[in-house]
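Everything numeric here is computed off the predicted structure, so don't read it as measured data. Proteins come first, then strands; the chains are lettered A, B, ... in the order of their sequence lines, and each starts at number 1.
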Amino acid sequence: MRQPQPRGPLGEDLLAVLREEPGTPGAEARAAALPAAARAAVSRAAGVLGDDDVQLSLFVLHALHYQGVDGVDDRWESDPELLRAREVLSGALEAQLRAELPADTVPGTPQSVADALFAMAAEDDGPSLARHLSGRADDEQAREFLQLKSVYQLMEGDPHTWGIPRLSGRAKAGLIEIQVDEYGGGSASRMHSALFAAGMREAGLDDSYGSAVDRVPAEWLAGVNTVTMFGLHRRLRGAVVGHLAMYEMTSSVPSRFLARGFHRLGLPAAAAFYDEHVEADAAHEQIAARDMAGGLVVEDPAVAADVFFGARCVLHLDALAARHALARWEAGESALRPATAEPSRRGAAELVR
Amino acid sequence: MSAEHGAGDPAPDPVPGPTAMPGPGAGSGEPVTITVCPDGPLLVRGGYELLDGDDRPIDPGRATVALCRCGASSIKPFCDGSHKRARFRAR
Ligand code: FES
Ligand SMILES: [Fe+2]
Ligand SMILES: [Fe+2]
């Protein structure tokens, strides 16, 4: 993705390091200061979920493990100081989520796990962005919604894929059964990320990964950073499974509202993305709840509680993001961060992208 | 079993849209399993073929499908999650 704009002192330091060549004495000295800068950013933040400097910096550190950042040497991905800084930020994120969410009692059979997760989803009373999109959102809000969603949807499936080698048996097979569908059954044009990209192009938006990051507020980056954190840590394999389960279990019904909204606004490609999710996720949620999450609870009881933690994170972070956007729209404002002028440090080569 | 889609046929590379084709496992001889999801759909896997009342194939769109058994879906024969709001109860 393109290099985003920093949102505070930590982001400034991080992006300055990433523009250097790893291994040079200057770069090493600057990199060595990053873990302390990360700790300082965390202590400055009132709460890391809504802190732009923390979330943007963590998002950039995570991007090094996906498809990289333009103009950044790939070797930075495994630099020990950057990994240390990443752990400081994701550790603070995990700690805040664990502090804000109740612990669940864990049932002992796959079907009782499915029942408990479906009950958790049914009890959720978070605000509904999908209903707003369905009947009320105007054209500009729909385009904002696509940009806010794009930081996840253009890499849909990828964070959970990291869970595959960490699972075995029924849970692993269930995860793969779902992921095959997310990746279009092996057809590039049917990958869910590709369907979403088509919806962005139709709406006149840049569909390259990360194109909207500068406009996406912390409350929305937090959701993506959380699932990436789950995916990157074997310790959190229960949470990545619970996250996918609840993601699927809260998708088919809202997707119907979203499809209706995009049809209403004359955006059939975006509607097609959500129509596909009505049907796909009605199957995925059954596989996810019983085979994947239920299977893991039985096979790997040490991480059973984290299945429920990961599931609760989805509801918690979706509500945070939805509340943020709805409040802005109700006030007659944009839900996006203001567009900034192209910074002078960017070269001509980057401007033509 | 469908004569047009034998096991030796090359795998189709479908594009989005209502292209009729049998289940991905049709004709494979793979056993079919149907899971009765409590309070929800029938989850169908394996070498099934999905046909309408005139024996025309229905494109399942994916390997594992959820078929509505509550009657409330707006995309029958597939489940769309409406069984939740309909409070469908059948274990
Ligand atoms: S069984 Fe799911 S909508 Fe009918
Ligand atoms: Fe998907
Ligand atoms: Fe899905």
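Enclosure of atom CZ in B:Arg89 by more than 12 non-hydrogen atoms of other residues, nucleotides or ligands within 6.0 angstrom is indicated.
In terms of heavy-atom pairs under 4.5 angstrom with chain A, the leader among B:Gly81, B:Cys79, B:Ser74, B:Cys37 is B:Cys37. For the options B:Lys84, B:Arg45, B:His83, heavy-atom pairs under 4.5 Å to chain A are most numerous at B:Arg45. Between chain B and the options A:Val253, A:Asp181, A:Val278, the largest number of non-hydrogen pairs under 4.5 Å is found for A:Asp181. Between chain A and the residues B:Pro41, B:Gly40, B:Cys68, the largest count of heavy-atom pairs under 4.5 Å involves B:Pro41.
Interface residue A:Ala280: backbone and side-chain heavy atoms are both found under 4.5 Å from chain B. Looking at A:Glu279, the atoms closer than 4.5 Å to chain B (heavy atoms on both sides) sit in the backbone and in the side chain alike. Only the side chain of B:Arg91 comes within contact range of chain A, with at least one heavy atom under 4.5 Å from a heavy atom of that chain. Using a 4.5 Å cut-off between heavy atoms, A:Asp275 makes no contact with chain B at all.
Using a 30° and 60° split on the angle between ring planes, A:Phe145 and A:Tyr274 fall in the tilted class, from 30° to 60°.
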- Task: Evaluate the criterion ring-ring contact (aromatic ring centres under 6.0 Å, His included) for residue pair A:Tyr152 and A:Tyr247; output intermediate values, then yes/no.
- Result: CA-CA 12 Å; A:Tyr152 178 69; A:Tyr247 190 88; 5.5 Å; yes
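Taking the six-membered ring wherever Trp is involved, the centroid distance between the rings of A:His277 and A:His192 falls below 6.0 Å.
The closest side-chain donor-acceptor pair between A:Ser193 and A:Glu156, if any, does not fall under 3.5 angstrom.
Remark: A:Arg290 does not engage A:Glu285 in a salt bridge, criterion side-chain N to carboxylate O under 4.0 Å.
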